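Data block below; observations after.
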Amino acid sequence: MNTTRTRRFGPGMIVKAAGVCFFAYLFFGFMLLPCLNTLTSIFNTTNAAGETDPLAVIRFFFAGSMGKYVWNSLKLAVCLVVTVNVVGVSIVLLTEYFDIKGARVLRLGYMTTLIYSGVALVTGYLFLYDSNGILTTLLANAFPSFNPNWFSGFNAVLFTMTFACTSNHALFLRNAIRGIDYNTVEAARNMGAKPFTVLWKVVFPTLIPTMFSLTVMTFITGLCAMSAPTLLGYDSINPEIVRLAGSSTADEAFPQARAALLSIILAMFTIVLLTILSAYERKGHYLSVSKTKAKLQKQRIDNPVANVLAHIYAYVLFIIYMIPVVMIVIFSFQTYGAIRMKKLDVTNWTLINFFGTQDYEYLTSRGQYKTRKGSISGLFANEATLGGIKLSFVLSAIAAALACIIVVAACNYIFKNRKKKSGTVLEYSLLFPWLLPTILICYSYRTFFNSESIWYVGGNNLYYAENVRLLIILAYTVVKLPFSLRMIKAAFYAIDEELEDAARNLGASGLFTFFKVKLPIILPSVLAVFALNFNALFTEYDMSATFASSYGTTYAMVIQSMCAEEGLYGYNVNASGRRCASTVFIMVVSGIILYLVYGVGGRDLGERLELRDRRRKRLERLRGRFRRRSAPRTEP
């Protein structure tokens, strides 16, 4: 019997062939073909005579106002690179490099953007700085000439996104600062260099690779901004794409082709920037350090004036970060009237914004009072918000799990075939969505799968009725594949190859080895990636807006529409209260997940054993006290 042929066509070969077919189906069907369809749609437009005019959209771009959206996005991206880097570097230096009093408290304030972002963050800033916001009202009362409509357009978007986009600095630049060898800093100080000279000549050069990556990420974020421009009234590319995607030729000239062209322009910018970043990283930036690396110690600012100014600057930033969070939390427990008037009533606290319903009484134009039963409703008592929470929870959980499962299987194949072209092709295929802006992928899905002629999805229209939920799951999954790959692939490097060799020598199959040896080792990292993916998708707005549908109204879409519907015909009265409660709910969920990932999940084995031993001793002490109290006393 030919054992080679038997091994070749065994269960392992069948699983491998099925996996190759699945990934080919995923890449060509849900990554490549929809985007190619978007590209070709630009050149398939017809003129008034019904003739195909390939250059019609391009001529319209130069003759119409489409160029304005590109310029606005570019201006926002360039300005954000400056402002975000200034603020982001500042908060890291103030908490990690300089000796600033209260640095731990400051760090918590600076990292609040990690627990709420997108629509929730923008609505928090609107609550303070809108035309009738709390701080705007105070400034208008103090200075009669103050413009109450200052917080709109470009200035408002730049202000909001400057503080919202420093999360990457708080995570990645902080780690880079902590990795600096203190021996080099101390050597420069011993040679007579001043603190700021050391910072400029020694510290900053070690941060250049990280700063370059953060700059590119910030530029792409500004270029592809969605929630802030939408809510604050700024004409940029992404909101215009979403608007055109929902329009028709009866409303304006070839809107779908114009949306496709703007999507392709975004993709070109993204590809160029990521190519530059990859080329820069390939150069390799390595710095020589001492053989015995010393932990960085915080530097004192000897100049008393500079020290005072640094502390003032640190706490001003802290106030800017914390005021939206504090005010949103406080007003989430205020009544409907207090929230609408933006006036704090410390004598009247309520949970109606979270639970329960109340009747709403209002005065009609005829001077009569009418009552709407249950018109004032809380977050968990309102059908729309509760439905949005349930839908987003299910869609986000499924997509986050699918992304992890696909990437775990792919990484296992990549590491087993790391010296073969097939492993390299698979890895770059999963990184393909990183080359394209999210809005292009979602718009391509919306237009390509809005048909019953797509044979590889069974001839189903995925944008029709409840099918749109499946389309959202697919988009969520594809968009999260690159991030999941980078994170889980790093976890596979921690697997000792000798363990796999030992299992193979004992006769274990490849599947048995994977589930019993490899998976338990990488499982904590996989769960962490799942949590982070879920956290990002649960409050996601950009993709949800592209797939806008009555069957696919996610939680972020519900939050965004609350203000527009508030008080309309006497219904949906407590939208502002529910919006505050929604933001608090998002912060709680995000905070718990981040704690599980970076708190509990970030502890090493020694810390976990020490914590378990501490809990065991505490439990024994409690049992001992209970036994002594419950023991019968004997009379002398």
Side-chain angles (χ1 to χ4, degrees), residues 68-88 110 112-131 133 135-136 149-170 214 217-243 262 266 269-270 320-321 323-325 327-328 437-439 442 536-546 548 554-564 579-580 582-583 586-587 590:
K68 177 186 69 173
Y69 299 99
V70 178
W71 165 247
N72 286 348
S73 292
L74 283 173
K75 182 174 70 171
L76 176 62
V78 172
C79 293
L80 275 179
V81 165
V82 178
T83 58
V84 171
N85 276 328
V86 169
V87 176
Y110 297 154
T112 52
T113 53
L114 292 173
I115 62 173
Y116 79 128
S117 59
V119 175
L121 185 143
V122 177
T123 53
Y125 277 77
L126 280 171
F127 193 75
L128 293 175
Y129 306 114
D130 199 8
S131 59
L135 294 183
T136 300
N149 297 314
W150 71 277
F151 196 72
S152 62
F154 174 76
N155 293 331
V157 174
L158 181 63
F159 179 83
T160 302
M161 295 192 66
T162 294
F163 296 99
C165 296
T166 56
S167 303
N168 291 327
H169 289 74
L214 291 173
M217 293 169 63
T218 302
F219 190 91
I220 294 176
T221 301
L223 199 66
C224 302
M226 179 69 182
S227 56
T230 299
L231 295 178
L232 299 175
Y234 184 65
D235 295 330
S236 61
I237 294 180
N238 267 8
E240 179 65 5
I241 293 174
V242 174
R243 188 191 70 81
L262 289 175
L266 271 184
F269 279 118
T270 306
I320 294 175
Y321 277 97
I323 281 183
V325 177
M327 298 307 293
I328 286 293
T438 299
I439 194 69
C442 296
L537 294 174
F538 183 66
T539 58
E540 195 281 329
Y541 173 77
D542 299 11
M543 290 185 274
S544 305
T546 310
T554 60
Y555 188 29
M557 292 286 293
V558 174
I559 296 175
Q560 192 275 338
S561 62
M562 281 181 180
C563 291
R579 183 179 61 175
C580 293
S582 297
T583 306
I586 290 172
M587 288 191 289
S590 301

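None of the values given here were measured: they were computed from a predicted structure.
- Note that the CD1 atom of I220 and the CG atom of L80 stand 13.0 Å from one another [nearest 0.5 Å].
- At least one side-chain heavy atom of L537 sits under 4.5 Å from a side-chain heavy atom of M543.
- How far CG of D130 is from CG of L135: 12.0 Å, rounded to the nearest 0.5 Å.
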| request: Apply the test side chain to side chain contact (heavy atoms under 4.5 Å, CB included) to residues T438 and M226: give CA-CA distance (whole Å), side-chain angles for both, the deciding distance (0.1 Å), then the verdict. | output: CA-CA 10 Å; T438 299; M226 179 69 182; over 6 Å; no

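- With values rounded to the nearest 0.5 angstrom, Y125 atom OH is found 9.5 Å from I323 atom CD1.
- Counting heavy atoms from C-beta outward, T230 and Y541 have side chains that approach closer than 4.5 Å.
- In this structure a side-chain-to-backbone donor-acceptor pair under 3.5 Å is missing from T136 to S131.
- Remark: side-chain polar atoms of N72 are paired, donor with acceptor, to backbone N or O of D235 under 3.5 angstrom.
- In this structure, I328 and L128 have side chains that are not in contact, with every pair of non-hydrogen atoms separated by 4.5 Å or more.
- Note that OG1 of T554 and CZ of F538 are 9.5 Å apart. Values are rounded to the nearest 0.5 Å.
- The shortest distance between side-chain heavy atoms of F269 and L74 falls below 4.5 Å.
- To the nearest 0.5 Å, atom CG of residue L262 and atom CD1 of residue I439 are 10.5 Å apart.
- One distance of note links CZ of R243 with CG of N238; it measures 13.5 Å at 0.5 Å rounding.
- Looking at every heavy atom in both residues, T270 comes nearest to P437 through OG1-CD, 3.9 Å.
- Put simply, the side chain of S73 gets close to the backbone of I237: a donor and an acceptor are under 3.5 Å apart.
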Considering only distance and modelled atom types, tabulate donor-acceptor pairs under 3.5 Å from the side chains of residues 153-167, sequence neighbours left out.
unit_1 : atom_1 : unit_2 : atom_2 : d
T160   : OG1    : A156   : O      : 2.9
T162   : OG1    : T83    : OG1    : 2.9
T162   : OG1    : L158   : O      : 2.5
T166   : OG1    : F163   : O      : 3.2
T166   : OG1    : Y321   : OH     : 2.7
S167   : OG     : T113   : OG1    : 2.8

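- Looking at V325 and I115, their side chains never come closer than 4.5 Å, going by heavy atoms from C-beta outward.
- The shortest non-hydrogen separation linking Y69 to S236 is CD2-O, 3.6 Å.
- The two residues Y234 and K75 make their nearest non-hydrogen contact at OH-CE, 3.5 Å.
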| field | Criterion side chain to side chain contact (heavy atoms under 4.5 Å, CB included) on V84 and H169, from CA distance to verdict | value | CA-CA 9 Å; V84 171; H169 289 74; 3.6 Å; yes

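- Of all non-hydrogen atoms in S544 and M557, the two that sit nearest each other are CB-CG, 3.6 Å.
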